[in-house]
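Written below as structure tokens is the structure these notes are about.
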Amino acid sequence: MSQQPSAAPAPATVTVARRRDWWRDAVIYQVYPRSFADSNGDGMGDLEGVRSRLPYLRDLGVDAVWLSPFYASPQADAGYDVADYRAVDPMFGNLLDADALIRDAHALGLRIIVDLVPNHSSDQHEWFKRALAEGPGSPSRDRYHFRPGKGENGELPPNDWESIFGGPAWTRVADGEWYLHLFAPEQPDFNWEHPAVGDEFRSILRFWLDMGVDGFRIDVAHGLVKAEGLPDLGGADQLKLLGNDVMPFFDQDGVHDVYRQWRHVLDEYAENELGPEGPSAEGRWWATGGRIFVAEAWTPTVERTANYVRPDELHQAFNFQYLSTDWDAKELRAVIDRTLEAMRPVGAPATWVLSNHDVTRHATRFANPPGLGTQIRTAGDRELGLRRARAATLLMLALPGSAYVYQGEELGLPDVVDLPDEVRQDPAYFRGAGQDGFRDGCRVPIPWTREGSSYGFGSGGSWLPQPASWGELSIEAQTGVAGSTLELYRGALRVRREQADLGAGDAVEWLRAPEGVLAFRRGEFVCVTNTSGESVTTPAYGRVLLASGELTEADGEAKLPADTTVWWTTA
Ligand code: NOJ
């Protein structure tokens, strides 16, 4: 039988999918599986809990869900210590639950991004156990960084690096050798110079791509490759993730070779998979393909962050410079400009983020005086913090690019700053002798209902105690309540979808504004944010689409209360 020349319809489909590039303006919601929803009453969130609440996320209006690790793990660092990258930890469910979650999400028009942890494994990983058992000189040790110690009897660590969680970055094993761990001792760093490590991770990528995930968040993406010879640092301040120097263990140029290889794997899938564009079962736009990588890369500058999202590398990188910026118009404008300028030459979308599972929630960060960093121990002025957090969210969602929302921020949750020591689990807290590592405060399970066991999180309590005030912050308490933070997020995400000028893009047009105020235009859309502590008068730019606080308008002018953002349309 003669065949028609196979000039296949594929190119047309490719164009469609590329044009839509869903991730360029996606709002991605971070689920911290331990603390989202507990389906079996053991006090710990799980995958079935997440699956059962997907309709909530669909209704919230996000595009994708990023799940922090749920792999088999001894949980020395809440799952960022992976013992088996192809298995689900029983405390979260099993692979069938993961499969059901991915399928249900897709049916609802939501994409799923999983967390990949390639810098280190758990010390309970098969490879590490074998490396320990087989001893010095064995090939299995080469997959990690084992070294003899310094000093007469090798009693000193091989170099002066410190762990991010405090203490030396080296631990000595019974046979006298030391191994490197940038984080906890239970998290030995892989040696990415060893080809087996790269092979293994490309295979892990394929495993999860075959499971149907839409992307990967890459943990410690800047850490995989270490400077040759593991040189001493000297006197540098090592613990600062976001410093001004490139460390011999962070942001080495060699990491980019890894991501170029990974990109090939992803593109292979994309090319094989582009399917017809069409609405999902729920009526939302949906097309297969378009899987992405997002880098967790704490680099010294946004310019260096841009290196991770060059066209043949990753798609997005978290903007930690933005996350670390105080509530100050001048500083915000500077970081926004710098971000957009840095991303433009590489053609990647800017990203914006205010909170995640590693930092003090922004409602608490902004409740405190500026300059305290991202691990804050004081509640501060709650009312002020919430007002600013709401304004900050509207500002973030108006900027060009993609935005990340951390579970519970849509409820205006504060950090829990008074957790008793005996419930804390953050390894950094214990290694830092109680002076660091306050991450448990942003990881407390979220409240779904006003009353009931753990406010609807589950039927069996919660692994970290929730404050008594959380019933009133619950999803139930805020749903349908005009002016609630939850309805503000829903409204903002709805408007973002409706307004053609919001979302993707690489520029804003700044407008003249009083001291302490940010004002910019994007086509027919105008956003004004008042970070000053006082009310200000600005032009009323048109019809108010949304506001984080109550403003008054008269005679073509608008009076914006302190710490408020307004969205206008001039159409
Ligand atoms: C970054 C993760 O976000 C954090 O939670 C973890 O402790 C470290 N990487 C180590 O994996």
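Note that the structure is predicted; figures quoted are calculated from it, not measured. Along the sequence shown, residues carry numbers from 1. Remember, it's 1-based here, ligands and their atoms both numbered in the order they're listed.
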Any donor-acceptor pair under 3.5 Å linking the side-chain atoms of N368 with those of T378?
yes

Just to confirm my output: which protein heavy-atom neighbour is closest to atom 11 (O) of ligand 1, and how far is it?
D219 OD2, 2.7 Å

What class does the angle between the rings of H362 and F366 fall in, given that below 30° is parallel, 30 to 60° is tilted and above 60° is perpendicular?
perpendicular

Within the 4.0 Å heavy-atom shell around F165, which atoms of ligand 1 are there?
7 (O)

Using a strict 4.0 Å cut-off to heavy atoms of H120, name the atoms of ligand 1 that fall inside it.
10 (C), 11 (O)

For atom 5 (O) of ligand 1, what is the nearest protein heavy atom, given as residue, atom name and distance?
D358 OD1, 2.7 Å

Side chain, backbone, both or neither: which applies to R443 and ligand 1 if a contact is any heavy-atom pair less than 4.0 Å apart?
side chain

Just to be sure I read this right, does ligand 1 sit under 4.0 Å from the backbone of Q30, its side chain, both, or neither, counting only heavy atoms?
neither

Report yes if the distance between the aromatic ring centroids of W161 and F249 is under 6.0 Å, otherwise no.
yes

the protein heavy atom lying closest to atom 8 (C) of ligand 1 turns out to be F183 CE2, 3.8 Å

Using non-hydrogen atoms of the residue, decide whether H181 is closer than 4.0 angstrom to ligand 1.
no

Can you tell me which portion of W298 lies within the under-4.0 Å heavy-atom range of ligand 1? Options are side chain, backbone, both, or neither.
neither

Is there a donor-acceptor contact under 3.5 Å linking the side chains of D214 and H106?
yes

Could you please spell out the steps behind the ring pair (Phe, Tyr, Trp, His ring centres under 6.0 Å) verdict for W448 and Y56?
CA-CA 10 Å; W448 291 84; Y56 164 74; 5.1 Å; yes

Can you tell me which residue and heavy atom of the protein come closest to atom 7 (O) of ligand 1, and the distance to 0.1 Å?
D77 OD2, 2.5 Å

Determine whether the aromatic ring centres of F70 and W208 lie less than 6.0 Å apart.
yes

With atoms numbered from 1 as shown, which atoms in ligand 1 lie under 4.0 angstrom from a non-hydrogen atom of R439?
4 (C), 5 (O), 6 (C), 7 (O)

Using a strict 4.0 Å threshold on nitrogen-to-oxygen distance, state whether R141 and E134 make a salt bridge.
no

Taking NZ, NE, NH1 and NH2 as the nitrogens, is one of them in D426 or R431 under 4.0 Å from a carboxylate oxygen of the other?
no

Going by the atom numbers of ligand 1, which of them fall below 4.0 Å from some non-hydrogen atom of V220?
9 (N)

